[in-house]
S.K.: 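Just passing along the structure, written as structure tokens.
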There are 2 protein chains.
Amino acid sequence: MSLPHAILAILTQKEATGYDLAQNFSQSIGHFWQASHQQIYRELSKMEAQGWVSFAVVPQKGKPDKKRYALTLAGQDELKNWLEEPARVTPIRETLLIKLFAGTLTSPEVLVSQLETHLELHREKLAAYQSLENEYFQGELSFAAGLQYWSLKRGLSYELASLEWCEQVLAWLNKHASKAD
Amino acid sequence: MSLPHAILAILTQKEATGYDLAQNFSQSIGHFWQASHQQIYRELSKMEAQGWVSFAVVPQKGKPDKKRYALTLAGQDELKNWLEEPARVTPIRETLLIKLFAGTLTSPEVLVSQLETHLELHREKLAAYQSLENEYFQGELSFAAGLQYWSLKRGLSYELASLEWCEQVLAWLNKHASKAD
DNA sequence: CAGAGCATGTAAGAGGTTACATGATTAC
DNA sequence: GTAATCATGTAACCTCTTACATGCTCTG
């Protein structure tokens with residue numbers, strides 16, 4: 001039940017179309033929540049039916065019409081109530097770890113190559129987060145900006161920890177893989 | 001598509017009933033994959049239909065009959081092939097971060113209490129992982145045990161990072177919440 | 001005698017992924 | 001002219017969660 005509330009959270013900052021929201025989910029919000037455009041459009045219809053958002057059709061030339069969504073008062077109330085509900089801790093769910101767990105059934109080379117791919121992806125994400133950090137979160141921050149900085153920092157520390165873990169496992173594999181026991 | 005393969009991975013180590021598997025998922029495998037008993041029973045039926053596992057009915061006195069599942073050759077092949085497919089990186093999906101992101105709409109006290117709950121939960125999980133570490137992964141380890149140790153270490157570092165992050169945000173909130181700007 | 005543990009399942013619904021579908025504009 | 005970007009959606013399917021359902025044994 002978090003997707004509609006993530007959408008409401010974005011809409012508190014500015015009005016947006018489904019397309020805009022999808023951009024948001026692949027960028028700024030993307031370091032802690034993801035959604036595809038299909039999910040977003042479906043969710044927006046439901047939310048509109050519940051009265052949490054309303055939209056205005058914006059005609060365009062050449063391009064198809066936009067639906068610009070805005071938060072309603074009911075939507076704000078809903079978001080506020082939701083904020084007070086206790087949030088669950090999300091456990092890790094990492095396919096790579098299942099593969100490691102059963103790793104003796106395959107060759108060490110397969111494991112090494114899986115880890116290297118992950119290492120690279122974590123490096124890229126870390127770099128992306130660091131550039132967001134440099135761009136938006138330098139100097140004195142308002143309370144609101146501070147909160148958003150902390151959510152980014154969670155992403156930063158997650159990627160850094162993942163990266164270091166990959167490096168350590170790779171080093172261990174290189175030492176032990178040859179003399180497999 | 002990872003749940004059936006996680007089950008196959010457990011079954012490579014020993015035969016198990018649906019109940020046993022559910023225990024496994026809430027314990028050892030639980031630090032990187034989760035599944036409820038409902039999911040497991042459903043999945044086992046499907047896997048049996050596909051020929052990846054077979055079961056023997058074990059009658060018991062007093063208790064209901066068990067179905068003891070074992071890996072078939074086809075199941076082993078399936079697992080081996082799956083191990084070679086590239087694993088995707090799982091992005092973070094943390095409800096708490098949405099709440100922080102929209103945190104200006106509620107009082108700092110709500111945020112503090114959410115963070116404190118999370119802090120406590122991460123502390124508990126960390127302690128549980130540490131006792132697993134002390135119990136099973138001391139001294140010289142075989143290759144197989146080493147791989148499993150690395151999967152546990154991923155959980156350890158994740159919990160530690162989460163915990164430190166919670167502490168830092170709490171410290172920041174205590175400094176800034178009163179003079180909210 | 002109440003509650004935890006053993007042991008299995010069904011059913012409904014929510015949430016998420018993948019594929020399909022359209023059509024104009026702009027940049028290379 | 002080919003691909004990317006803008007902009008919206010439908011349909012089918014898979015996966016996961018929540019609630020319901022049964023019934024025996026052992027421990028306190």
Side-chain angles (χ1 to χ4, degrees), chain A residues 1-8 15-27 29-30 32-50 52-53 55-69 82 85 87-95 98, chain B residues 1-7 15-27 29-30 32-50 53 55-69 82 85 87-95 98:
Chain A
M1 290 300 291
S2 299
L3 177 57
H5 299 97
I7 292 174
L8 291 174
E15 302 188 354
T17 64
Y19 192 86
D20 296 336
L21 289 166
Q23 299 302 101
N24 253 293
F25 275 103
S26 60
Q27 290 158 25
I29 317 295
F32 54 86
W33 206 265
Q34 302 77 41
S36 61
H37 81 273
Q38 294 85 343
Q39 269 179 285
I40 292 165
Y41 286 119
R42 189 162 13 93
E43 205 59 49
L44 281 171
S45 310
K46 281 192 214 163
M47 292 166 73
E48 205 264 324
Q50 275 174 297
W52 295 352
V53 295
F55 65 86
V57 176
V58 183
Q60 299 193 113
K61 35 182 176 177
K63 299 173 192 176
D65 290 358
K66 282 183 185 184
K67 288 184 187 174
R68 177 147 41 220
Y69 284 89
W82 178 80
E85 282 171 27
R88 296 207 192 156
V89 176
T90 313
I92 325 178
R93 212 154 232 258
E94 190 74 69
T95 308
I98 306 177
Chain B
M1 289 301 293
S2 298
L3 176 57
H5 299 97
I7 293 174
E15 302 188 353
T17 65
Y19 192 85
D20 296 335
L21 289 166
Q23 300 302 102
N24 251 293
F25 275 103
S26 59
Q27 289 158 24
I29 318 295
F32 55 84
W33 204 266
Q34 302 78 39
S36 61
H37 80 272
Q38 294 86 341
Q39 266 180 288
I40 292 164
Y41 286 120
R42 190 158 17 86
E43 205 61 47
L44 281 172
S45 312
K46 278 191 217 164
M47 289 165 74
E48 205 264 324
Q50 275 174 297
V53 295
F55 65 86
V57 176
V58 182
Q60 297 193 115
K61 34 180 178 180
K63 299 174 192 172
D65 290 357
K66 284 181 184 183
K67 288 184 186 173
R68 178 150 39 223
Y69 285 89
W82 177 80
E85 282 170 26
R88 296 209 191 154
V89 176
T90 314
I92 325 179
R93 212 154 232 258
E94 192 74 68
T95 308
I98 305 176

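In this text, all values refer to a predicted model and were calculated from it rather than measured experimentally. Values below: all heavy atoms of this structure, side chains included; hydrogens, waters and symmetry mates excluded.
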S.K.: Going by number, which of residues 18-27 of chain A have a non-hydrogen atom under 4.0 Å from DNA chain C?
M.R.: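 None - not one residue of the stretch has a heavy atom sitting under 4.0 Å from the strand.
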S.K.: Should A/Val53 and A/Leu8 count as side-chain neighbours, where that means a heavy-atom distance under 4.5 Å?
M.R.: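 The answer is yes; the side chains approach within 4.5 Å.
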S.K.: What nucleic acid atoms does A/Ser45 come within less than 4.0 Å of, heavy atoms only: base, sugar-phosphate, or nothing?
M.R.: nothing
S.K.: Excluding sequence neighbours, so at least two apart, what forms side chain to side chain donor-acceptor pair (under 3.5 Å) with B/Gln27?
M.R.: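 Side chain to side chain donor-acceptor pair (under 3.5 Å) check on B/Gln27 returns nothing, list empty.
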S.K.: May I ask you to say what A/Arg68 touches in the nucleic acid, namely base, sugar-phosphate or nothing, with a heavy-atom cut-off under 4.0 Å?
M.R.: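 Result for A/Arg68 = nothing.
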S.K.: Show me, pair by pair, the donor-acceptor contacts under 3.5 angstrom made by side chains of residues 41-49 of chain B, not counting sequence neighbours?
M.R.:
from    : atom 1 : to      : atom 2 : distance (Å)
B/Ser45 : OG     : B/Tyr41 : O      : 3.0

S.K.: Can you name the side-chain contact (heavy atoms from CB on, under 4.5 Å) partners of B/Ala35, sequence neighbours left out?
M.R.: B/Leu3, B/Phe25, B/Gln39, B/Ile40
S.K.: Could you list the residues that satisfy salt bridge (charged side-chain N to carboxylate O under 4.0 Å, His left out) with B/Glu15, not counting sequence neighbours?
M.R.: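 Partners of B/Glu15 by the salt bridge (charged side-chain N to carboxylate O under 4.0 Å, His left out) criterion, ordered by chain and then number, come out as B/Arg68.
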S.K.: Using whole Å, what does the distance between atom P of nucleotide C/dG15 and atom CD of A/Gln34 come to?
M.R.: 16 Å
S.K.: Suppose we screen for ring-ring contact (aromatic ring centres under 6.0 Å, His included). Which residues come up paired with B/Phe55, at least two apart in sequence or across chains?
M.R.: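 Here the qualifying residues are B/Tyr69.
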S.K.: Identify, with sequence neighbours excluded, every residue that meets ring-ring contact (aromatic ring centres under 6.0 Å, His included) alongside B/Trp33.
M.R.: none
S.K.: Please report, rounded to the nearest Å, how far the C1' atom of C/dC6 is from the CG atom of B/Asp65.
M.R.: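 Nearest whole value for this atom pair: 13 Å.
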S.K.: Starting at the 5' end of DNA chain C and moving along, which residue's nearest nucleotide shows up first, B/Arg88 or A/Pro4?
M.R.: A/Pro4
S.K.: I'd like to check the side-chain contact (heavy atoms from CB on, under 4.5 Å) partners of A/Gln34; sequence neighbours left out, ordered by chain and number.
M.R.: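 Listed in chain order: B/Pro91, B/Arg93.
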S.K.: Check step by step if side chain to side chain contact (heavy atoms under 4.5 Å, CB included) holds for A/Ile7 and A/Trp52.
M.R.: CA-CA 10 Å; A/Ile7 292 174; A/Trp52 295 352; over 6 Å; no
S.K.: Tell me which residues in residues 35-43 of chain A put a heavy atom below 4.0 Å from DNA chain D, sorted by number, or none.
M.R.: A/His37, A/Gln38, A/Tyr41
S.K.: Round to a whole Å and report the spacing from CG of B/Leu3 to C1' of C/dG16.
M.R.: 16 Å
S.K.: Report the distance from atom OH of B/Tyr69 to atom C1' of C/dG9, rounded to the nearest whole Å.
M.R.: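 Going from OH in B/Tyr69 over to C1' in C/dG9 covers 11 Å.
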S.K.: Which angle, rounded to 10°, do you find between the first-five-pair axis and the last-five-pair axis of the helix from C/dC1-D/dG28 to C/dC28-D/dG1?
M.R.: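 If I round to tens, the end axes sit 40° apart.
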S.K.: Between atom CG in B/Leu44 and atom C1' in C/dG9, what is the gap in whole Å?
M.R.: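 To the nearest whole Å, that distance equals 12 Å.
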S.K.: Calculate the interatomic distance between B/Lys66 atom NZ and C/dG9 atom P; express it in whole Å.
M.R.: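 Between P of C/dG9 and NZ of B/Lys66: 14 Å.
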S.K.: Among residues at least two apart in sequence or on other chains, which ones pass side chain to side chain donor-acceptor pair (under 3.5 Å) with A/Gln38?
M.R.: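 Side chain to side chain donor-acceptor pair (under 3.5 Å) list for A/Gln38, sorted by chain: A/Ser36.
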S.K.: Output all residues satisfying side chain to side chain donor-acceptor pair (under 3.5 Å) with B/Thr90, sequence neighbours left out; order by chain, then residue number.
M.R.: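 Counting only residues at least two positions away or on another chain, B/Thr90 forms a side chain to side chain donor-acceptor pair (under 3.5 Å) with A/Glu94.
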S.K.: OP1 or OP2 of C/dG9 less than 4.0 angstrom from a side-chain nitrogen or oxygen of B/Lys67, does that happen here?
M.R.: yes
S.K.: For the side chain of B/Thr17, starting at C-beta, report the closest nucleotide among C/dT8, D/dC16, C/dG16.
M.R.: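 Out of C/dT8, D/dC16, C/dG16, the nucleotide with an atom closest to B/Thr17's side chain is C/dT8.
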